[in-house]
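Predicted model, so just to flag it, every value in this text is computed and none were measured. The sequence lines fix the lettering, A, B, ..., with proteins before strands; numbering per chain opens at 1.
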There are 2 protein chains.
Amino acid sequence: MKRRQTHSTQEILELLKAENQAMNHEMIQSKLDSQVNRATIYRVLNRFCEDGIVHKIVGDDGKQYFAFCLNCTQKTHNHNHFHFRCTQCGKVECLEKEASISLPEGYVLENFNGLISGTCNDCT
Amino acid sequence: MKRRQTHSTQEILELLKAENQAMNHEMIQSKLDSQVNRATIYRVLNRFCEDGIVHKIVGDDGKQYFAFCLNCTQKTHNHNHFHFRCTQCGKVECLEKEASISLPEGYVLENFNGLISGTCNDCT
DNA sequence: TTTTTAATGCGACATTGTTGCAATAATATA
DNA sequence: TATATTATTGCAACAATGTCGCATTAAAAA
Ligand SMILES: [Mn+2]
Ligand SMILES: [Mn+2]
Ligand SMILES: [Zn+2]
Ligand SMILES: [Zn+2]
């Protein structure tokens, strides 16, 4: 099943590249020039995640955020970094530093979801 | 506004103490002996959080989990620990080790929400 | 016991995200 | 270029999660 490039996919990907932050569906929809259906946005984003060009974070607000992968190659995905969500301006950014976690014996990590909320530098 | 002890509050608190894990609304409701309304469960849990006897974690499944506070005093709350959610059995447990995170200049932490999902020791 | 009011049950509601299905359009093929 | 194939879309319906208003109930105080 090969992917097709559509107006929606291109626009959404460009948006995620341009804005240097993780965005939820609402943010994306309001920033899009053309009207793209809600279900389509979710489907596009989930496809991006499957393809490994975008990673998903679930915020402590319960919403899904999507961010363009920066330091990921086709094969190696390192998303063991925290994200900071500003409760004032809503911005969600990837924090640079890789978090190192050691799990107890016999535990296998599948997904790392580190999120810190608070006030960002702009809003202090 | 003083708190009142009701059957609901007592049962829910005992349940959270007994089960040594974080539970979401569904888990709690199915384990309760008496029928407690859904809205009531949420209200009780949120009150517990306000009172600092329970802490809330948002899972990467988007659900709210609640855990009885163990190493917290009335005044000091340290919830900078990760939680592990097993995708097989659903268990959500607090990991012992405190995670130390350093935020960039000007960033103020309000809430730490560290969650790792994967397979737990029992399910490997 | 009576009074006060915190807590509950119920229903309605908002929000978030997913899915089935017919229509559309991107790509492959002729 | 014209046609065929099928991935993608829009729409509606749906499920799940969590919150809120309001009348009723019951815990604690008087
Ligand atoms: Mn990230
Ligand atoms: Mn915990
Ligand atoms: Zn901010
Ligand atoms: Zn398990």
Side-chain angles (χ1 to χ4, degrees), chain A residues 1-16 22-51 53-67 83 85 87 90 92 111 113 115 117, chain B residues 1-16 22-51 53-67 83 85 87 90 92 111 113 115 117:
Chain A
M1 188 186 287
K2 274 176 193 160
R3 301 297 190 207
R4 295 183 181 175
Q5 273 203 328
T6 67
H7 295 136
S8 302
T9 62
Q10 285 177 304
E11 246 187 321
I12 294 174
L13 190 57
E14 275 173 35
L15 178 60
L16 284 176
M23 304 174 82
N24 63 26
H25 157 263
E26 193 191 6
M27 295 165 165
I28 291 171
Q29 191 161 46
S30 70
K31 282 255 181 184
L32 284 182
D33 296 331
S34 60
Q35 302 293 17
V36 181
N37 184 267
R38 198 161 52 93
T40 301
I41 296 181
Y42 279 116
R43 283 193 274 228
V44 167
L45 291 169
N46 287 329
R47 250 179 282 146
F48 285 164
C49 285
E50 287 175 26
D51 298 345
I53 41 179
V54 159
H55 63 278
K56 182 198 286 190
I57 314 106
V58 177
D60 58 349
D61 55 359
K63 295 178 187 169
Q64 300 181 347
Y65 289 84
F66 299 86
H83 298 83
R85 184 175 68 86
T87 52
V92 175
N111 183 43
N113 199 93
L115 197 133
S117 61
Chain B
M1 186 187 290
K2 274 178 193 160
R3 300 295 189 209
R4 293 184 182 174
Q5 275 204 327
T6 68
H7 295 137
S8 304
T9 61
Q10 285 177 303
E11 244 187 320
I12 295 175
L13 190 57
E14 274 173 36
L15 179 59
L16 285 176
M23 305 175 82
N24 63 27
H25 156 263
E26 193 191 8
M27 295 164 164
I28 292 170
Q29 191 160 46
S30 69
K31 283 255 180 182
L32 284 183
D33 295 329
S34 60
Q35 302 293 19
V36 182
N37 184 266
R38 198 159 52 92
T40 301
I41 296 180
Y42 280 116
R43 282 192 274 228
V44 167
L45 291 169
N46 287 329
R47 248 179 284 145
F48 285 164
C49 285
E50 286 174 29
D51 298 346
I53 41 180
V54 158
H55 63 279
K56 183 197 288 189
I57 314 107
V58 177
D60 57 350
D61 55 359
K63 295 176 186 169
Q64 299 182 349
Y65 289 85
F66 299 85
H83 298 82
R85 184 175 68 86
T87 53
V92 174
N111 183 43
N113 199 93
L115 196 133
S117 61

Of the nucleotides [options], which one has an atom closest to the side chain of [X]?
X: A/K63; options: C/dG9, D/dT19, C/dT16; result: C/dT16
X: B/Y42; options: C/dA6, D/dG18, D/dT8; result: D/dG18
X: B/R38; options: D/dC20, D/dG18, D/dA27; result: D/dG18
X: B/R43; options: C/dC10, D/dC11, C/dA7; result: C/dC10
X: A/N37; options: D/dT5, D/dC11, C/dT8; result: D/dC11
X: B/R47; options: C/dT19, C/dA25, C/dT8; result: C/dT8
X: A/R3; options: C/dT8, D/dT8, C/dT18; result: D/dT8
X: B/Q64; options: D/dA12, D/dT8, D/dG18; result: D/dG18
X: B/T40; options: C/dG9, D/dA27, D/dC11; result: C/dG9

Between atom [atom1] in [X] and atom [atom2] in [N], what is the gap in whole Å?
X: A/N46; N: D/dT8; atom1: CG; atom2: C1'; result: 14 Å
X: B/K2; N: D/dA29; atom1: NZ; atom2: P; result: 6 Å
X: B/D61; N: C/dG17; atom1: CG; atom2: P; result: 12 Å
X: B/I41; N: D/dT19; atom1: CD1; atom2: P; result: 13 Å
X: B/Q10; N: D/dA28; atom1: CD; atom2: C1'; result: 13 Å
X: B/H7; N: C/dA7; atom1: NE2; atom2: P; result: 15 Å
X: B/E50; N: D/dT19; atom1: CD; atom2: P; result: 11 Å
X: A/L13; N: D/dT8; atom1: CG; atom2: P; result: 14 Å

task: Show your reasoning for whether side-chain contact (heavy atoms from CB on, under 4.5 Å) applies to A/T6 and A/T40.
output: CA-CA 11 Å; A/T6 67; A/T40 301; over 6 Å; no
message: Between B/Q64 and B/K56 (side chain of the first, backbone of the second, donor and acceptor by atom type, cut-off under 3.5 Å), is there such a pair?
response: no
message: Looking at A/N37 and A/A39, would you say the former's side chain and the latter's main chain have a donor-acceptor pair under 3.5 Å?
response: yes
- prompt: Taking OP1 and OP2 of C/dA7, is either one under 4.0 Å from a side-chain nitrogen or oxygen of B/T9?
  reply: no
message: Under 4.0 Å from OP1 or OP2 of C/dA26: is there any side-chain N or O of A/T6 that close?
response: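 Answer no for this pair, as no side-chain N or O of A/T6 is under 4.0 Å from OP1 or OP2.
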Residue closer to the 5' end of DNA chain D, B/Q5 versus B/H25 (nearest nucleotide): B/H25
- prompt: Would you call the rings of A/H25 and A/Y42 parallel, tilted or perpendicular, where under 30° means parallel and over 60° means perpendicular?
  reply: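 Parallel: the ring planes of A/H25 and A/Y42 meet at under 30°.
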task: Begin from the C-alpha positions of B/F48 and B/I12 and carry the test side-chain contact (heavy atoms from CB on, under 4.5 Å) through to its verdict.
output: CA-CA 10 Å; B/F48 285 164; B/I12 295 175; 4.0 Å; yes
